[in-house]
Amino acid sequence: QVQLVESGGGLVQPGGSLRLSCAASGFFFSSYTMRWYRQAPGKERELVAAITSAGDSTNYADSVKGRFTASRDNAKKSVYLQMNSLRPEDTAVYYCYAPHFASWGQGTQVTVSS
């Protein structure tokens, strides 16, 4: 019954910004850490960011550190990924993940191209 629904992907120019959203349902959202992953064609799925249940601590992959910011709004049962200074190598399908339930969102495509 756990469901994660992502939105916000699209086409953006290098140096631009995009904000991804993930709406959660079917569990007590405020009790659990959440993660963002991404996967480019032919590549391994990569952990991008993690955020604690209260949103008071975050961790990022070195490749996105300083450019991406994870946040959450527990009242809205949503987690977000603000992506700034986007590069072509950020192009991938981005997934929301609830590790305690091993539950994935459907993924949203992010394409960074001029």
Side-chain angles (χ1 to χ4, degrees):
Q1 196 63 27
V2 171
Q3 288 190 311
L4 304 172
V5 180
E6 298 155 332
S7 61
L11 176 65
V12 65
Q13 295 183 21
S17 297
L18 207 59
R19 186 175 187 251
L20 306 183
S21 298
C22 173
S25 62
F27 65 104
F28 199 80
F29 180 77
S30 63
S31 294
Y32 298 99
T33 187
M34 296 291 292
R35 297 176 183 170
W36 286 98
Y37 286 78
R38 67 184 181 186
Q39 187 168 26
K43 294 187 177 181
E44 297 285 333
R45 191 166 295 189
E46 173 190 25
L47 177 64
V48 174
I51 184 166
T52 55
S53 59
D56 57 346
S57 183
T58 52
N59 291 100
Y60 302 95
D62 287 342
S63 59
V64 308
K65 196 170 297 180
R67 300 187 297 119
F68 290 12
T69 303
S71 61
R72 66 194 294 161
D73 185 337
N74 286 342
K76 296 180 178 179
K77 302 182 71 174
S78 294
V79 61
Y80 309 97
L81 187 67
Q82 178 67 46
M83 304 184 294
N84 299 325
S85 302
L86 283 162
R87 305 165 180 169
E89 54 262 43
D90 295 319
T91 296
V93 178
Y94 284 72
Y95 299 90
C96 185
Y97 181 65
H100 288 274
F101 301 94
S103 183
W104 297 89
Q106 80 285 353
T108 185
Q109 176 70 49
V110 172
T111 302
V112 184
S113 176
S114 58

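Index from 1, following the sequence. This is a predicted model, so every value here is computed, not measured.
The minimum heavy-atom distance between Ser31 and Ser53, with the atom names listed, is C-CB, 3.5 Å. Shown here for Leu4 and Met34, the closest heavy-atom pair between the two residues is CD2-CE, 3.8 Å. Across every non-hydrogen atom of Gln109 and Val93, the tightest pair is OE1-CG2, 3.3 Å. Of all heavy-atom pairs spanning Gly9 and Leu20, the tightest one is N-CD2, 3.6 Å. The nearest pair of heavy atoms linking Pro14 to Ser114 is CD-N, 3.6 Å.
The side-chain heavy atoms of Tyr80 and Cys22, taken from C-beta on, include no pair separated by under 4.5 Å. At least one side-chain heavy atom of Arg35 sits less than 4.5 Å from a side-chain heavy atom of Leu47. Residues Glu46 and Ser63 are in side-chain contact: their nearest non-hydrogen atoms beyond the backbone lie under 4.5 Å apart.
The pair Asp90-Arg87 fails the salt-bridge criterion, with no side-chain N (NZ, NE, NH1 or NH2) lying under 4.0 Å from an Asp/Glu carboxylate O.
Between Tyr94 and Phe68, the angle of the ring planes lies from 30° to 60°, which puts this pair in the tilted group. Aromatic ring pairs are classed by plane angle as parallel below 30°, tilted from 30° to 60° and perpendicular above 60°; the pair Tyr95 and Trp104 is perpendicular.
Follow the hydrophobic side-chain contacts under 4.5 Å out from Val110 and you reach Val79 in the same cluster. Linking ILVMFWY side-chain heavy atoms closer than 4.5 Å, directly or via other members, places Tyr37 and Ile51 in two distinct hydrophobic clusters.
Hydrophobic cluster membership of Leu11, counting Ile, Leu, Val, Met, Phe, Trp and Tyr whose side-chain heavy atoms lie under 4.5 Å apart directly or via other members: none, as it forms a cluster of its own.
Remark: Leu18 CG to Gln82 CD distance equals 8.0 Å, nearest 0.5 Å. Within the model, atoms OH of Tyr32 and CZ of Phe27 stand 8.0 Å from one another, a figure rounded to the nearest 0.5 Å. Taking CD from Gln3 and OG from Ser103, the interatomic distance works out to 8.0 Å, rounded to the nearest 0.5 Å. Here OG of Ser71 is found 8.5 Å from CG of Asp73. Values are rounded to the nearest 0.5 Å. If you take CZ on Arg38 and OG1 on Thr91, they are separated by 9.0 Å, rounding to the nearest 0.5 Å. Interatomic distance, Arg67 CZ to Leu86 CG, rounded to the nearest 0.5 Å: 6.5 Å.
Sparse packing is recorded around CD of Glu44, with 12 or fewer heavy atoms of other residues, nucleotides or ligands lying under 6.0 Å away.
At least one donor-acceptor pair closer than 3.5 Å links the side chain of Tyr60 to the backbone N or O of Ala70.
Both tests pass for Arg72 against the ring of Phe29: distance under 6.0 Å to the centre and angle within 45° of the axis.
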